[in-house]
Chemist: 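Dropping the structure in here first, questions after.
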Amino acid sequence: MNVMKKIKSMFADKKLKLAFRTIKTDMELIQENHNALKGSVNEWVIFLDQENRDLKMRVRELEKKLDALENSLDEKELAMLRGL
């Protein structure tokens, strides 16, 4: 019971009470900022993943066009284009 009285007397101190409230508020703000950061990072990951997929698809299309172009040209024309 003596311990309970000590705890109650500690919280009776207005400065200590204010300090605990301030810490609680700071922790809530930190948690809120952390959650916002996680959300932002998730959005960026989704965006970059889609961009990566689009670019890979575009590279495949360009490789197909290049193969088609190489197949349609004879060796002299191909050597000339490679020289450019």
Side-chain angles (χ1 to χ4, degrees):
M1 205 65 171
N2 196 14
V3 174
M4 289 302 286
K5 284 183 181 179
K6 284 184 181 179
I7 292 173
K8 284 183 180 179
S9 69
M10 282 178 23
F11 282 100
D13 183 12
K14 288 184 180 183
K15 287 182 182 179
L16 186 59
K17 207 175 198 178
L18 181 62
F20 273 101
R21 263 196 224 136
T22 304
I23 290 171
K24 183 181 176 197
T25 303
D26 286 347
M27 291 303 292
E28 289 170 352
L29 184 61
I30 289 169
Q31 185 66 36
E32 189 178 306
N33 288 339
H34 183 251
N35 290 338
L37 177 64
K38 285 194 305 187
S40 177
V41 168
N42 286 338
E43 288 175 12
W44 269 106
V45 167
I46 291 168
F47 170 76
L48 291 174
D49 181 58
Q50 186 61 43
E51 287 293 310
N52 188 35
R53 289 174 193 224
D54 291 344
L55 289 173
K56 283 181 179 179
M57 191 168 48
R58 207 162 160 224
V59 165
R60 277 188 233 117
E61 289 173 5
L62 289 173
E63 286 173 342
K64 286 179 184 177
K65 286 181 181 180
L66 183 61
D67 287 342
L69 181 63
E70 285 178 348
N71 292 336
S72 70
L73 298 175
D74 66 7
E75 284 301 315
K76 286 182 183 179
E77 291 172 327
L78 191 57
M80 185 176 73
L81 285 176
R82 286 185 182 149
L84 295 175

Chemist: Rounded to the nearest 0.5 Å, how far apart are CD of Q50 and CG of L55?
Modeler: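 If I round to the nearest 0.5 Å, the distance is 10.0 Å.
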
Chemist: Where do I23 and M27 land on the side chain to side chain contact (heavy atoms under 4.5 Å, CB included) test, with the steps shown first?
Modeler: CA-CA 6 Å; I23 290 171; M27 291 303 292; 4.2 Å; yes

Chemist: Rounded to the nearest 0.5 Å, how far does CG of L66 lie from NZ of K64?
Modeler: 13.5 Å

Chemist: Would you say T25's side chain and R21's backbone share a donor-acceptor pair under 3.5 angstrom?
Modeler: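 A pair under 3.5 Å: yes.
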
Chemist: Among L48, V41, N42, find the one that has a side-chain contact (heavy atoms from CB on, under 4.5 Å) with W44.
Modeler: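 Exactly one pass, corresponding to L48.
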
Chemist: I need the E51 CD to R58 CZ distance, nearest 0.5 Å.
Modeler: 10.5 Å

Chemist: Out of curiosity, I46 CD1 to E43 CD, how far, rounded to the nearest 0.5 Å?
Modeler: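 If I round to the nearest 0.5 Å, the distance is 7.5 Å.
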
Chemist: Identify whether V45 and L37 are in the same connected component of the hydrophobic contact network (ILVMFWY, side-chain heavy atoms under 4.5 Å).
Modeler: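 As far as the 4.5 Å side-chain criterion goes, L37 and V45 are connected within one cluster.
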
Chemist: Could you check whether atom CD of E28 has more than 12 heavy atoms from other residues, nucleotides or ligands sitting under 6.0 Å from it?
Modeler: yes

Chemist: Using a strict threshold of under 4.0 Å (side-chain N to carboxylate O), is an ion pair present between D49 and R53?
Modeler: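 Yes, charged N to carboxylate O under 4.0 Å.
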
